[in-house]
Enquirer: 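Here it is, the structure, as structure tokens.
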There are 2 protein chains.
Amino acid sequence: MFVNDDEGLMHTTSDAVGVTSVTIRDVARAAGVSYQTVSRVINGNERVADATRQRVMAAIDELGYRPNQAARELAGKAVRSLTVLTSDTSLYGNATALRGVEEAARSAGFTVSISVLDRNATLDSEQLRARLTRPGEPVVVIAFDAAGARALELLPPDVPVAAMVERPPGVDADPRHVWLDDRLAATRATRYLLGLGHRAVHCLALPSSTARNAQRTEGWLDALREAGVDVPPPVEGGWTPRSGYLAARELLSRPDVTAVLCGNDDLALGVLRAAREAGRRVPDELSVVGFDDTPASAYLAPALTTVRLDFEGLGRTCFGLLHRLLDAAAPVQEPCAEPELIVRESSGPHRGGIG
Amino acid sequence: MFVNDDEGLMHTTSDAVGVTSVTIRDVARAAGVSYQTVSRVINGNERVADATRQRVMAAIDELGYRPNQAARELAGKAVRSLTVLTSDTSLYGNATALRGVEEAARSAGFTVSISVLDRNATLDSEQLRARLTRPGEPVVVIAFDAAGARALELLPPDVPVAAMVERPPGVDADPRHVWLDDRLAATRATRYLLGLGHRAVHCLALPSSTARNAQRTEGWLDALREAGVDVPPPVEGGWTPRSGYLAARELLSRPDVTAVLCGNDDLALGVLRAAREAGRRVPDELSVVGFDDTPASAYLAPALTTVRLDFEGLGRTCFGLLHRLLDAAAPVQEPCAEPELIVRESSGPHRGGIG
DNA sequence: CCGGCATATGTGAGCGGTCACCTCACTGTG
DNA sequence: CACAGTGAGGTGACCGCTCACATATGCCGG
């Protein structure tokens with residue numbers, strides 16, 4: 001016997017499931033004015049007599065009128081929406097930056113769409129264009145990784161875009177890009193480790209978005225060169241604790257590794273685990289420093305020394321940039337916070353016994 | 001002196017910064033047919049002669065034509081978009097569920113907007129409506145917490161909605177809701193702990209979305225009652241490691257606490273930290289079990305025993321529900337995975353000395 | 001050879017707004 | 001008192017598309 005369990009799911013195929021739409025002309029009729037006057041009222045105050053405006057407003061909320069965005073857009077009015085292009089939203093940096101963008105954008109009256117980039121599938125320019133809801137849709141790209149960077153490159157030149165990127169190498173920075181100065185932050189973190197007496201500081205890097213341009217690694221290099229110490233080859237990890245763990249198992253087989261600067265806190269977590277398994281005491285025999293200051297990092301065992309990065313502020317700033325690109329009169333966002341080294345338990349002078 | 005640094009930011013106020021739009025009529029002219037025929041071609045195949053279709057298609061991609069969504073919508077065509085309502089996107093469950101929704105929705109041709117609910121600000125029905133891009137816009141609500149649950153309640157009845165919720169109490173479940181059976185999962189986890197010989201299992205709960213209905217806590221209760229052991233009062237935590245830590249400091253002052261079931265992995269992390277500071281060895285003197293199986297949990301010290309929850313699958317399922325609500329012909333999504341207890345290092349028989 | 005009925009295509013209107021332009025008072029001035 | 005100037009409001013067209021209908025064309029059997 002066949003049981004139809006679809007009962008109760010009846011509906012029209014039309015989009016609005018019974019939404020009776022009140023139009024500008026209904027309001028006009030109710031208020032005893034022409035539709036144009038209503039249009040004037042709903043778009044910032046133009047020259048409408050106060051009494052008339054009152055009547056129109058009254059009619060508007062009596063009838064529960066809401067302007068139809070599609071009609072507005074079609075009629076050529078600028079529409080406030082944007083699309084965020086990002087990879088995996090469950091990574092701390094991406095998620096937090098997204099939150100910043102969304103918050104700033106919504107309070108500026110923008111609708112925020114999101115399109116998640118698959119790290120494994122490379123999409124072409126045409127597919128990318130298809131992800132934008134309309135031609136000319138403004139875009140924010142979270143380009144901390146290769147998928148984001150590639151999307152940024154592929155974006156047609158005619159779309160207004162702002163992006164969060166790794167710090168660009170030279171002074172020829174694209175004015176539509178924002179970044180955290182994690183190069184400098186990495187330098188400081190490395191100096192800090194060297195200052196603790198470590199002869200060498202190793203680097204477990206994130207996959208770089210542009211291959212030539214891993215800023216955290218560069219900053220680490222800067223500090224090593226500055227101190228005139230040997231530069232061990234950086235190890236490339238992934239984004240997850242697992243990849244940090246796997247990379248660290250290898251790295252820690254060498255007794256000269258006493259300090260590791262990790263590309264992010266998740267990687268650092270993996271390193272801590274590997275150290276524990278290898279019997280290396282942290283921080284006595286091994287110092288571990290991360291990046292991001294995720295909410296978890298202060299509670300790890302040991303609590304993680306890390307560089308706090310203001311992804312949320314960066315997201316806000318990035319939106320601000322885009323907003324000003326679209327409308328020069330848009331307010332300038334407050335700048336985001338500087339990266340800050342948070343020293344906790346996972347780092348200290350080398351007191352180990354093995355080496 | 002005043003320097004105008006706005007130079008180079010010139011633009012029209014119109015939305016499309018120089019987007020020349022090709023219309024259906026341009027295509028029609030190029031293909032030597034009427035605009036209606038073009039319309040037929042771009043909307044699934046109707047009765048158009050093959051030869052004609054070829055010509056139209058050729059014209060379409062020669063001219064780079066893309067249909068204007070606003071015009072389509074205005075003309076009454078169902079438009080495929082939805083808005084996800086969620087609180088803090090940087091929490092693992094929310095972020096992962098969002099990813100699931102986005103993935104499923106995009107592959108079904110939907111545009112996904114996102115609107116983040118502030119956990120502290122309670123918004124009213126009107127504000128909520130304003131967050132929907134258009135009247136009748138379908139909505140997915142991630143209602144794992146109070147903010148989401150409240151939004152779900154406030155949603156006007158005329159908007160098509162599907163939601164991820166805590167498991168509803170009775171059989172009178174709203175067919176538009178999906179959930180993970182974390183009540184059963186909590187029961188199993190608690191049975192597991194009891195099976196290890198713990199006389200009592202304590203519960204550090206998440207803030208419940210509906211106050212009367214914390215499913216993980218209920219499941220824990222079920223197991224305790226079933227085993228006929230005393231039910232200690234559940235402790236309410238927040239969502240973060242910090243809140244887990246603070247709650248645990250109090251909880252661990254009592255020596256009879258040998259096993260704690262935590263509302264999520266972040267809470268559990270805080271508990272592990274508190275245990276360490278209190279000198280309680282895990283798992284010998286204290287067993288800790290979490291929920292979620294975040295990517296970090298396997299790498300904590302000790303690795304966390306936890307219940308793996310398929311948030312991504314839940315997101316996909318939830319979208320599928322909405323999709324079928326809008327279009328009965330939509331394919332049924334594969335169900336998400338069952339919760340699964342992952343036993344790691346943080347739990348074991350009580351071998352402690354203090355108690 | 002004609003009606004009848006498919007199949008393939010074209011035509012008109014209108015979705016709900018906005019824009020450009022026009023009209024209509026009502027003022028104050030020489 | 002005629003005049004321009006100004007503020008308040010109305011009218012027409014149109015944005016790009018889809019709908020419902022009207023119109024060719026082909027093929028069938030009677």
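So you know, we letter chains A, B, ... as the sequences are listed, proteins then strands, and number each from 1.
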Enquirer: Closest to the B/Asn68 side chain: D/dG16, C/dG16, D/dA8?
Expert: D/dG16
Enquirer: Measure CZ/B/Arg55 against C1'/C/dA8 and give the value in whole Å, please.
Expert: 12 Å
Enquirer: Answer yes or no: is there a side-chain heavy-atom contact under 4.5 Å between A/Leu322 and A/Leu326?
Expert: yes
Enquirer: Answer yes or no: side-chain N or O of B/Arg72 and base N or O of D/dG16 forming a donor-acceptor pair under 3.5 Å.
Expert: no
Enquirer: Looking at A/Thr52, does any N or O in its side chain come under 4.0 Å of the phosphate oxygens OP1/OP2 on D/dA8?
Expert: no
Enquirer: State, without any angle test, whether A/Ser115 and A/Thr83 hold a side-chain donor-acceptor pair at a distance under 3.5 Å.
Expert: no
Enquirer: If you measure only the distance, is there a donor-acceptor pair under 3.5 Å linking the side chains of B/Asn94 and B/Thr89?
Expert: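 No, because no side-chain N or O of B/Asn94 sits under 3.5 Å from a partner of the opposite role on B/Thr89.
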Enquirer: Side chains of B/Glu137 and B/Ser81: do they bring a donor and an acceptor to under 3.5 Å?
Expert: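 A pair is found: one side chain offers a donor N or O, the other an acceptor, under 3.5 Å apart.
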Enquirer: On DNA chain C, check which nucleotide each of B/Gly32 and A/Ile42 is closest to and give me the residue with the more 5' one.
Expert: B/Gly32
Enquirer: Give the rounded distance in Å between these two atoms: CD of A/Gln69 and P of C/dG17.
Expert: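 Rounding to the nearest Å, CD of A/Gln69 and P of C/dG17 are 10 Å apart.
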Enquirer: Let's see if you can work this out: which of D/dC15, D/dT18, D/dA20 has an atom nearest to the side-chain heavy atoms of B/Tyr35?
Expert: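 Nearest nucleotide to the side chain: D/dT18.
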Enquirer: D/dC19 phosphate, OP1 or OP2: any side-chain N/O from B/Ser39 under 4.0 angstrom?
Expert: no
Enquirer: Rounded to the nearest angstrom, tell me the gap between atom CZ in A/Arg25 and atom C1' in D/dT11.
Expert: 11 Å
Enquirer: Starting from P on D/dG7, measure out to CZ on A/Arg53 and report it in whole angstrom.
Expert: 14 Å
Enquirer: Any donor-acceptor pair, under 3.5 Å, between the side chain of A/Arg40 and the base of D/dG10, if you only look at N and O atoms?
Expert: yes
Enquirer: How about B/His323 and B/Phe110: do any of their side-chain heavy atoms sit closer than 4.5 Å?
Expert: yes
Enquirer: Taking the side chain of B/Ile24 as heavy atoms from C-beta outward, which of C/dT9, D/dC17, D/dG9 is closest to it?
Expert: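 So the nucleotide nearest the side chain must be D/dC17.
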Enquirer: Rounded to whole Å, how long is the line connecting atom CZ of B/Arg66 with atom P of D/dC17?
Expert: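 Taking atom P of D/dC17 as the reference, CZ of B/Arg66 is at 12 Å.
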Enquirer: Think A/Ser34 has a side-chain N or O under 4.0 angstrom from the OP1 or OP2 of D/dG10?
Expert: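 It does, given that an N or O in the side chain of A/Ser34 lies less than 4.0 Å from OP1 or OP2 of D/dG10.
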Enquirer: In terms of side-chain heavy atoms of A/Ala75, which of D/dG16, D/dG9, C/dG16 is nearest?
Expert: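 When the side chain of A/Ala75 is considered, C/dG16 is the closest of D/dG16, D/dG9, C/dG16.
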Enquirer: Taking atom C1' of C/dG14 as reference, at what distance in whole Å does atom CG of A/Asp26 sit?
Expert: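 Rounding to the nearest Å, CG of A/Asp26 and C1' of C/dG14 are 15 Å apart.
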Enquirer: Expressed as a whole number of angstroms, how long is the span from A/Arg29:CZ to D/dG10:P?
Expert: 14 Å
Enquirer: Check whether any side-chain N or O of B/Arg47 sits under 4.0 Å from OP1 or OP2 of C/dA8, and answer yes or no.
Expert: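 For B/Arg47, the contact criterion (side-chain N or O under 4.0 Å from OP1 or OP2 of C/dA8) is not met.
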Enquirer: What I want to check is whether an N or O donor and acceptor connect the side chain of B/Gln36 with the base of C/dT11 at under 3.5 Å.
Expert: yes
Enquirer: Nearest to the side chain of A/Leu74, heavy atoms from C-beta on, is which of C/dG16, D/dC17, C/dT18?
Expert: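 Shortest atom-to-atom distance from the side chain points to C/dG16.
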Enquirer: Between atom CZ in A/Arg134 and atom C1' in D/dC17, what is the gap in whole Å?
Expert: 17 Å
Enquirer: Think A/Asn43 has a side-chain N or O under 4.0 angstrom from the OP1 or OP2 of C/dT18?
Expert: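 Yes, because at least one side-chain N or O of A/Asn43 sits under 4.0 Å from OP1 or OP2 of C/dT18.
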Enquirer: Given C/dG10, D/dC17, C/dG17, identify the nucleotide with an atom nearest to the side chain of B/Pro67.
Expert: D/dC17
Enquirer: Pair B/Leu325, B/Arg176 - check side chain to side chain contact (heavy atoms under 4.5 Å, CB included), show working.
Expert: CA-CA 8 Å; B/Leu325 216 64; B/Arg176 302 168 307 172; 4.2 Å; yes
Enquirer: Can you tell me which nucleotide in D/dG9, D/dC17, C/dT18 comes closest to the side chain of B/Thr23?
Expert: D/dC17
Enquirer: Less than 4.0 angstrom between a side-chain N/O of B/Ser21 and OP1 or OP2 of D/dG16, yes or no?
Expert: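 Answer is yes, contact under 4.0 Å.
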